[in-house]
Amino acid sequence: MQHHIEWDNTFFKEVQANFERVGRQMHLDENILLRLRVPEKALMVSIPFRRDNGKVEVVTGYRVQHNDTLGPYKGGLRYNPHVNMGEVSALAMMMTWKSAIVGLPLGGAKGGVAIDPHPLSRQELQRVTRRFTIEILNFIGPDSDIPAPDMGTNEQVMAWIMDTYSQQKGHAIPGVVTGKPIDIGGSLGRREAPGRGVVYAIISAAEKIKMKLDSKIRVAIQGYGQVGGAAAKKMEKIGCKVIAVSDHTCALYNPNGLKFDSLSAYLAQNKVLKGYPEGECITNEELLEIDCDVLIPAAIERVIHKDNAKKLKCRILAEGANGPTTNEADQIIRERGDIFVIPDILANAGGVVVSYFEWVQDLQNLFWKEKEINHRLWEMMSDAFEKVYLTAQKEKVDMRTAALMTAIRKVSTAMLTRGLYP
Ligand code: NAD
């Protein structure tokens, strides 16, 4: 089998190894296996942009398209100084599986810029985003590849991408990105969708293990961004007690439950969780080992590893983040057998589901009510959960293996039906 140094990255190799493990387990056609283990296309660009002090800086950007058998490539854009080709490729492959599990007519892609967005001024962020859009202009489009927000990007970044793309084409093309502001073609419910979807998956899992989701249920969430923040508020809304949340500055712990009204007010003023008075500040590592019922890692990848996997004290592990558990940790958790894992490609699929709704609404120029969106999201998430759960039962495998089996089966069947060109 060919090895490429471009993808010589721990995260990518693990995601690839996981795919190969499950592919072999299900006797996947060898030709299909060879094609799916690497992305179809990968673009790397350098982005010059002017800082407010007049100096020009050059940063690296990526867009990786893993597979588009089922429909246009779809996946988020991440702004983080550590972004690299391997990480983006791993996330692109995961997007292929995610879209397939929930039955979307979309493929998998991911992109990113190796930059820390936090110290940038609004104008600097806008300039780097617009120039990045120009560099990847021929790679993206509403019929070919549709970016969305991910770590470090948000609705405003999507608005600038939509505007830059539209200016180049000469007319408004809202369908080129999802996760946009509502007033330029965004969808109601998109902002909360990944977090809401995680909670929907937790509701399905709790039902299977006969866990009553009430005020006795203690929830710990790593990351308080788009995914973690929405999940926290929704878990509180359904009556559970969120005892810990975190950001990159601190993890807040309050065994009596955190109050999100006052936390949001504090964040609006201070931007970071550090210093919030109604909770003890512990480390992000300690948060993962808290005695709780539901643990939601919703920040970065590879935080659950061989050294802390044995120490987890949750009953449900719902992976809001992509790739939070290393393969070694996954093996330990499988052997422990006391934690119900909702794997990332299932747990956080709510984001791409409502992104799909947004894209459909943009293409039809017809917008839906939030109630309808949330109802459809619930249907798709619970159907997907059920499908994966049944596969796990039938094949006598864990939920992560079952989720991958479900996705790989869907994509490989379509590939075989379409055939190899020429
Ligand atoms: P975000 O930028 O909105 O929030 C990330 C959160 O993680 C922030 O609270 C940040 O402070 C915290 N964080 C960053 N680095 C950290 C570190 N080293 N340790 C602890 N906390 C840290 O990002 P997001 O969009 O919520 O994405 C979070 C995860 O969810 C990522 O893995 C992403 O790929 C995944 N995801 C996002 C979406 C989406 O639509 N936004 C959808 C599905 C999955």
Side-chain angles (χ1 to χ4, degrees), residues 11 15 74-83 87-88 90-95 97-99 101-102 108-112 115-118 146-158 177-180 186-187 189-198 201 220-233 244-252 263-264 267 270-274 276 281-288 296-304 318-325 342-358 377 381:
F11 185 27
V15 169
K74 182 92 192 79
L77 284 179
R78 181 175 274 202
Y79 285 5
N80 183 283
H82 307 296
V83 160
E87 176 181 311
V88 174
L91 294 163
M93 186 188 291
M94 290 169 71
M95 284 307 299
W97 311 142
K98 214 180 285 186
S99 293
I101 286 178
V102 281
K110 202 81 180 190
I115 195 167
D116 182 0
H118 302 294
I146 307 125
D150 194 77
M151 243 170 71
T153 59
N154 55 24
E155 290 180 4
Q156 182 58 68
V157 170
M158 295 306 117
V177 283
T178 58
K180 297 178 292 296
S187 175
R190 170 62 182 88
R191 193 180 298 157
E192 303 79 22
R196 183 179 279 270
V198 170
I221 304 177
Q222 186 184 58
Y224 192 69
Q226 294 164 86
V227 181
K233 288 170 200 148
V245 297
S246 74
D247 67 5
H248 56 288
T249 64
C250 144
L252 290 173
L263 190 59
S264 299
L267 266 183
N270 299 279
K271 306 274 181 276
V272 292
L273 294 176
K274 199 168 183 170
Y276 178 68
C281 190
I282 59 170
T283 66
N284 264 288
E285 291 73 29
E286 286 167 332
L287 178 146
L288 296 169
I296 309 176
I300 52 167
E301 52 275 357
R302 304 177 61 74
V303 290
I304 299 173
E319 297 183 337
N322 286 310
T325 309
I342 316 174
D344 44 14
I345 52 175
L346 173 63
N348 70 40
V352 73
V353 169
V354 180
S355 266
Y356 164 67
F357 295 162
E358 179 175 333
L377 172 63
M381 287 300 295

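Order of appearance sets the numbers: ligands from 1, and atoms from 1 within every ligand. Nothing here was measured: the structure is a model prediction, and the numbers come from that model.
When only non-hydrogen protein atoms are considered, atom 9 (O) of ligand 1 lies nearest to Tyr224 N, 3.0 Å. Atom 29 (C) of ligand 1 has its closest protein heavy atom at Ala299 O, 3.2 Å. Counting only heavy atoms of the protein, atom 11 (O) of ligand 1 lies nearest to His248 ND1, 2.7 Å. Among all non-hydrogen protein atoms, the one lying nearest atom 35 (C) of ligand 1 is Asn322 ND2, 3.6 Å. From the protein, the heavy atom lying nearest to atom 3 (O) of ligand 1 is Gln226 N, 2.9 Å. Here the heavy atom of the protein found nearest to atom 4 (O) of ligand 1 is Gly225 CA, 3.2 Å. The protein heavy-atom contact nearest to atom 5 (C) of ligand 1 is Met151 CG, 4.0 Å.
Of all the heavy atoms of His82, none lies under 4.0 Å from any atom of ligand 1, so neither backbone nor side chain is involved. Only the side chain of Ile300 comes within contact range of ligand 1, with a heavy atom under 4.0 Å; no backbone atom does. Residue contacts with ligand 1, taken as heavy atom pairs separated by less than 4.0 Å, involve Val227 via backbone and side-chain atoms alike. Contact annotation for Pro194 and ligand 1: only side-chain heavy atoms (C-beta onward) come within less than 4.0 Å of the ligand. Here Arg78 has side-chain heavy atoms under 4.0 Å from ligand 1, and that is the only part of it that gets that close.
For Arg190, the closest heavy-atom approach to ligand 1 falls below 4.0 Å. For Ala298, the heavy-atom gap to ligand 1 drops under 4.0 angstrom.
No donor-acceptor distance shorter than 3.5 angstrom exists from the side chain of Asn348 to the backbone of Pro194, with no hydrogens or angles considered. A donor-acceptor pair is defined here as one N or O able to donate and one able to accept, closer than 3.5 Å; no such pair exists between the side chain of Gln222 and the backbone of Pro297. Side-chain N or O atoms of Lys98 include none that pairs as donor or acceptor with a backbone N or O of Ile345 at under 3.5 Å. Using modelled atom types, one side-chain atom of Asn284 and one backbone atom of Asp247 make a donor-acceptor pair closer than 3.5 Å. Between the Asn270 side chain and the Leu273 main chain, no donor and acceptor come within less than 3.5 Å of each other. Between the side chain of Glu358 and the backbone N or O of Lys180, at least one donor-acceptor pair lies under 3.5 Å.
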Side-chain polar contacts of residues 224-233 - donor-acceptor pairs under 3.5 angstrom, sequence neighbours left out - could you list them?
from, atom 1, to, atom 2, distance (Å)
Gln226, NE2, Asp150, O, 3.3
Gln226, NE2, Thr153, O, 3.1

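Just one residue in the list Ile282, Leu287, Thr283 forms a side-chain contact (heavy atoms from CB on, under 4.5 Å) with Glu285, and that residue is Thr283.
If you take CZ on Arg190 and CD on Glu155, they are separated by 9.0 Å, rounding to the nearest 0.5 Å. To the nearest 0.5 angstrom, Phe357 atom CZ is 6.0 Å from Leu377 atom CG.
Checking only distances, Lys110 never comes within under 3.5 Å of ligand 1, N or O to N or O. Considering backbone and side-chain atoms together, Asp150 places an N or O closer than 3.5 Å to an N or O of ligand 1.
Taking every non-hydrogen atom of Asn348 and a distance limit under 4.0 Å, the qualifying atoms of ligand 1 come out as 43 (C), 44 (C). Atoms of ligand 1 lying under 4.0 Å from at least one heavy atom of Gly320, given by number and element, are 30 (O), 35 (C), 44 (C). Close approach of ligand 1 to Gly152 (heavy-atom distance below 4.0 Å) involves ligand atoms 2 (O).
Here the closest non-hydrogen pair linking Ala321 and Asp344 is O-CB, 3.3 Å. Among all heavy-atom pairs drawn from Gly152 and Pro117, the shortest one is O-CG, 3.6 Å.
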